[in-house]
Amino acid sequence: TNDADVKDEL
Amino acid sequence: MNIFRLCGDMTHLLSVVVLLLKIHTIKSCAGISLKTQELYALVFATRYLDIFTHHVSLYNTVMKIIFLGTSFTIVWYMRHHKVVRQTYDKEQDTFKHYMLIIPCFALALLIKTKFTPLEVLWTFSIYLEAVAIFPQLVLLQRTKNIDNLTGNYVFLLGAYRGLYLLNWIVRYFTEKGYRQWITWISGIVQTALYADFFYYYIKCWRNNEKLHLPS
């Protein structure tokens with residue numbers, strides 16, 4: 001996982 | 001989704017409800033910074049560009065639509081509603097947007113994960129959200145009588161950020177490989193900005209006093 005993949009928060 | 005994330009989102013939602021209650025029901029935006037509200041509208045507009053391309057869950061999509069819709073509604077009320085706009089403390093709300101927008105955009109160009117328009121704008125929105133409360137905090141300090149709804153609005157916004165920190169701690173320990181440095185560092189900065197406000201909010205609440213910040 002890198003920063004770009006974590007977009008599940010608002 | 002853990003309990004802190006859910007409570008954080010609900011607190012954020014509640015802060016918006018409190019603000020809309022003040023604006024729509026009492027027809028007043030006294031003590032509310034239009035600069036901060038415009039920055040939030042910009043934050044959501046640049047962060048949620050993926051709303052139709054990057055589906056996470058129905059929950060996320062619905063919340064994104066709510067935050068986009070309410071942020072622009074609040075700005076509209078403060079700028080154009082014939083009664084509400086007259087209660088706006090224009091002379092006190094002097095912070096300049098560009099002083100926050102330009103550094104955040106420059107930082108997003110320098111420190112981001114991928115150099116694509118969507119990614120840079122998303123990163124920009126993370127940085128901008130961290131500091132968007134600044135004009136509001138300045139205005140609060142200048143306001144002699146902070147009403148309960150305004151005080152509670154800022155408190156709820158700060159609580160939302162604090163709960164997100166707890167959410168990240170839980171995720172770090174429960175999700176393998178989970179890390180997001182840009183969001184974490186911005187989030188810590190954002191929460192720290194509320195520290196001073198929290199101190200006086202709790203102090204006044206414990207002493208049963210009306211909220212006031214030292215200038």
Side-chain angles (χ1 to χ4, degrees), chain A, chain B residues 1-2 4-6 8-13 16 43-44 47-51 53-57 59-68 111-116 118-120 122-123 125-126 129 160-161 163-165 167-168 171-172 175-187:
Chain A
T1 311
N2 65 45
D3 290 20
D5 295 321
V6 186
K7 296 270 200 295
D8 55 353
E9 289 175 350
L10 293 165
Chain B
M1 186 160 71
N2 62 62
F4 297 115
R5 158 78 195 279
L6 182 64
D9 286 345
M10 289 307 119
T11 312
H12 191 187
L13 196 60
V16 173
V43 163
F44 296 134
R47 185 176 308 166
Y48 298 157
L49 287 169
D50 64 356
I51 195 165
T53 58
H54 189 89
H55 182 78
V56 177
S57 63
Y59 171 85
N60 267 36
T61 305
V62 169
M63 292 294 270
K64 284 175 179 179
I65 292 169
I66 291 174
F67 287 127
L68 272 169
I111 307 171
K112 73 281 160 195
T113 49
K114 279 187 223 152
F115 199 72
T116 62
L118 271 184
E119 202 65 32
V120 171
W122 179 85
T123 313
S125 82
I126 295 288
E129 189 191 353
Y160 141 61
R161 292 319 305 184
L163 287 162
Y164 254 72
L165 291 188
N167 152 55
W168 294 329
R171 291 190 72 174
Y172 179 80
E175 293 176 32
K176 197 165 181 295
Y178 167 81
R179 58 194 158 79
Q180 41 172 352
W181 287 104
I182 289 174
T183 317
W184 286 348
I185 293 169
S186 308

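Below, chains carry the letters A, B, ... as their sequence lines are ordered, and counting in each starts from 1.
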(message) Please classify the contact of B:F44 with chain A as side chain, backbone, both or neither, using a heavy-atom distance under 4.5 Å.
(response) neither
(message) Under a 4.0 Å threshold between the charged nitrogen and the carboxylate oxygen, would A:D8 count as salt-bridged to B:R171?
(response) yes
(message) With a 4.0 Å cut-off on N to O distance, would you call A:K7 and B:E119 a salt bridge?
(response) yes
(request) Answer yes or no: are there more than 12 heavy-atom neighbours, outside B:Y172 itself, under 6.0 Å from its atom OH? (result) no
(request) Output all residues satisfying side chain to side chain contact (heavy atoms under 4.5 Å, CB included) with B:D50, sequence neighbours left out; order by chain, then residue number. (result) B:T53, B:H54, B:K64
(message) Which atoms of B:D9 are under 4.5 Å from chain A, going by heavy atoms: the side chain, the backbone, both sets, or neither?
(response) side chain
(request) For residues A:L10 and B:H12, determine if any side-chain heavy atom of one lies less than 4.5 Å from a side-chain heavy atom of the other. (result) no
